[in-house]
Amino acid sequence: MNVPAAPATPAATPATPATPGGGGAGGGTPAAPKAAGAPAAPKTPGAPAGPAPPDPSKTPATTPADTEVATDAKLDGKGGKVQAAVNPQQRADLLREAAGKFLGDHVAGDRVSGDKYVTIHEGRERVRLPRLGIALADMVRRAFVAPPEWSRVRAEEHGKRIVILRADPNRGKCAAAIRLLQSPADRPIFHLDRAIQLATLAATLESAARTAGALPRGAGFLLQEPLAWDAVGGNVLQHVEAALEEIDGRLVVTLDSSAALADQDVAGHVVDLGTAPPVADIFDRHLAWRLDDPRLYARVKVDVEVVALSEEVLTEDVPMHVAANLATMVGQAIDGATIDIGRVRQRMSQVATEEFDIWFGGLPDLPARCLAIALAVLDGMPYENVVHAADLLTERLDGPPQVAGDNVLAPWRDPFRHTRTEVLRRLRAETRPGVERGMFGTVPVEAMGYRSEDFPRLVLEHVWRRFGLHRELLGWLHDLSSDLNEEIRARAGTALGLVSTFAFDFVWTQVLRAMAQDTGNFRNREVVAYALRVPAAEPALRPLVDAIVTGLAGNADLPFGQATAARVYGVSLGPLGVGEALAALDRLAVIDDRYIAAGIGDSLADLIMQDETRNPAQVLAKVSAWQSDRRRALVGEAVFLHLARWLTTDHVVAGRTVVWPTLLWFADERIELRAGLLSMWRFVLNSGSLPEQVAEVLAHWADLAEADAHVRTSLSRMLGATAGASERTYTLVQRQVRDWRAPDNLRPKPRTAYAVEDSMRPRNDAA
């Protein structure tokens, strides 16, 4: 598995950034206190009160560097700085993970049913490969019913690296595709995101072929109903086929029978699934598998009531999965020698909610239900994080300890009452090995997650709609929003966004509005942006999000609200329209406030990460234009330095991960961006407005260059070209270089210093 290396500065405790605004989520206590009479967050008369502030005893402790205090926050290049919440590359990954866990297709993220991710990142592309879920793979392996023309299908697909399996909707394409990939039986199978670009997949597989252990040989890949299929021609498939050949891999793509083909070269990969098997056969096979007792199966199969129900439900046009679900329900309705067919009918009529009600209502106690809710929010995170979050929610909802004899307090929860195995069984969950990015790099963890990919969203929706715990649930998510773990904050924010789609005004007035205007906790701005990206993707709710962010951005008396608006433009609205987001950030760039500048910087970093091929040119052109605009010049400097400091790119070279400053990589590899980047460096060096921040960013780049010769060569070329602009620029660069090899420098960078001086030698020789 290729896992991106941790950035030079740990995400949880980042070093002070290069920009005065340093990071859209910042920390670090600014030096100057806010002047008397400075505006505070407004309170609307009659508005419902938000959740009570988090109890310090129930939330992670913070240090002064973790919180903000109100300040004059001007971009003067002095005083306190705002720390970045997390590396933008990490933030993009965390948001995709949060969306994929319990939002499905509601947000542009990854909805998967796997328990392992392989991340390949080389060049500008990064692809996440989730493993096919164990439950789905086992169901196909043990209960698959071959369609009538299966022998023809197997003959036509034999020897093909890429198979395009076509059939009508709900005719079992997915199961058939998995069955094809399960030959051989031990083949590892990866479930690709529908939005993946096949050209990107080819590049990823080529990278994996050059990196030992990146992907197992013989791997299979399942791609269901890919988006933008019309653009996939035979030349693209040939590229993918060649890459698959290198790892002895195989790809099966499922398509609706009505899907068009781009050209004749694609047709050679097509295999029509043909007629679907009878749904009665699917019911019989799944019933035999679920009962796992031949004698019991023989008796249940001919039961008069079961036969009548199956004939009633399993009509000719019913989707294949209905037959499988019916078999599961019949198996669960058997009690000894009795089949409660009435129970099966009731569950069939209320299949979307009743089965979920039975499961959740059957959880034995409050801690178990709180654990189910916590797991819905933090699905796939370490077991310890999930249990801790569940404890916080239990404390909010549980009663006080019971008074026993002689006024002794008896525990109202026995921590040894249930084993982990019992808890997992009740929750229909499991633990699995995984890795997590910690303060000092990736560490092995034991992750906890539901077996079903649908459960995280279903649990949250069920609890919100069925119980009167709205304020308690919002208060708990508010607590999680202040956690030191960035992934927990991303999950909490996304969960707030999900419940806002159920009751938008209530969630906004109860918790998100106060968080958006909070002057005491920098993390709230990030969480609000994470939350609003969910309703922003809903056409019916998008106008409400637009109205909110417009109000925040236009209120000059609330600069913290304007900083939140800057974050929303990047995280929530940027994916829906880069041009609109840049235009909105352009309006905010005239404001002389380092927190707003920090929000702009983080949002521009998000826009770059959302599409590393197309967006950098637009974003960097905008920053360059700001530096040429008298009203926006200082913000343009601060934002450029922020991007230079916090944007990094991981590249796998000969099995080793090398961390590059992303802007340096752009200058080295993308000729169309090089001149603009050099010009912006000359501007920030010569302006003299932010000298400490300039020195810090260059020192950070030099740290990365010291660790790798390729980065060092690129940095030397860039600074040599920059220094050649004028004597003043040359002197400024030379001053930085001398400091890198100074005897009293605690983090010396001598190799980089000498390499840069060599690149500047032509000027020395000329002199």
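Side chains included, hydrogens not; waters and symmetry mates left out as well; all remaining heavy atoms used. The first residue in the sequence is number 1, and the count goes up from there.
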Would you name the heavy atoms of [X] and [Y] that are closest together and state the gap between them?
X	Y	result
Trp464	Val507	CH2-CG2, 4.0 Å
Ala553	Leu588	O-CD2, 3.9 Å
Ala368	Leu363	O-CD1, 4.0 Å
Trp701	Ala644	NE1-O, 2.8 Å
Gly570	Leu607	O-CD2, 4.1 Å
Ala536	Leu573	CB-CD2, 3.9 Å

Which value, rounded to the nearest 0.5 Å, describes the distance between [X] atom [atom1] and [Y] atom [atom2]?
X	Y	atom1	atom2	value
Ser481	Asn521	OG	CG	8.5 Å
Gln517	Asp557	CD	CG	11.0 Å
Glu526	Met515	CD	CE	11.0 Å
Arg567	Ile596	CZ	CD1	13.5 Å
Leu375	Tyr383	CG	OH	10.5 Å
Phe506	Leu474	CZ	CG	6.0 Å

Is the backbone N or O of [Y] less than 3.5 Å from a side-chain atom of [X], with the two atoms forming a donor-acceptor pair by type?
X	Y	result
Thr550	Ala547	no
Ser603	Ala566	yes
Arg426	Val423	no
Tyr569	Gly599	no

Is there side-chain contact between [X] and [Y], with heavy atoms separated by less than 4.5 Å?
X	Y	answer
Leu704	Pro661	yes
Leu397	Cys370	yes
Ser500	Trp508	no
Arg396	Asp479	yes
Glu538	Val534	no
Leu458	Phe360	no
Leu484	Arg523	yes
Arg471	Gln510	yes

Open item on the list: Please enumerate all residues that pass salt bridge (charged side-chain N to carboxylate O under 4.0 Å, His left out) together with Arg542, with sequence neighbours excluded.
Closed with: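 With sequence neighbours excluded, Arg542 shows a salt bridge (charged side-chain N to carboxylate O under 4.0 Å, His left out) to Asp546, Glu580, given in chain and number order.
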- [ ] Report the residues that fulfil salt bridge (charged side-chain N to carboxylate O under 4.0 Å, His left out) with Glu446, sequence neighbours left out, ordered by chain and then residue number.
- [x]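 Here the qualifying residues are Arg420.
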TODO: Would you mind telling me which of Asn385, Leu392, Ile488 makes a side-chain contact (heavy atoms from CB on, under 4.5 Å) with Asp483?
DONE: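 Single pass found, and it is Ile488.
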Task: Check against side-chain contact (heavy atoms from CB on, under 4.5 Å), Leu424 and Thr431 - done: CA-CA 8 Å; Leu424 292 174; Thr431 57; 3.9 Å; yes
Task: Pair Leu647-Met609, side-chain contact (heavy atoms from CB on, under 4.5 Å): steps then yes or no - done: CA-CA 9 Å; Leu647 273 175; Met609 294 305 302; 3.9 Å; yes
Open item on the list: Is it the case that the side chains of Thr662 and Thr649 hold a donor-acceptor pair, with the cut-off being a distance below 3.5 Å and no angle test?
Closed with: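 Short answer, yes.
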- [ ] Could you verify whether a donor N or O on one side chain and an acceptor N or O on the other, from Ser482 and Arg489, lie under 3.5 Å apart?
- [x]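 Not at all, the side chains of Ser482 and Arg489 share no donor-acceptor pair under 3.5 Å.
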- [ ] Taking only Lys NZ, Arg NE, NH1 and NH2, and the carboxylate oxygens of Asp or Glu, determine whether Arg491 and Asp379 approach each other closer than 4.0 Å.
- [x]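 Answer for the salt bridge query: no.
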Open item on the list: Pair Tyr450, Val459 - check side-chain contact (heavy atoms from CB on, under 4.5 Å), show working.
Closed with: CA-CA 11 Å; Tyr450 283 113; Val459 168; 3.7 Å; yes
- [ ] Quick one: do Phe560 and Asp518 satisfy side-chain contact (heavy atoms from CB on, under 4.5 Å)? Show the steps, please.
- [x] CA-CA 7 Å; Phe560 289 94; Asp518 190 357; over 6 Å; no
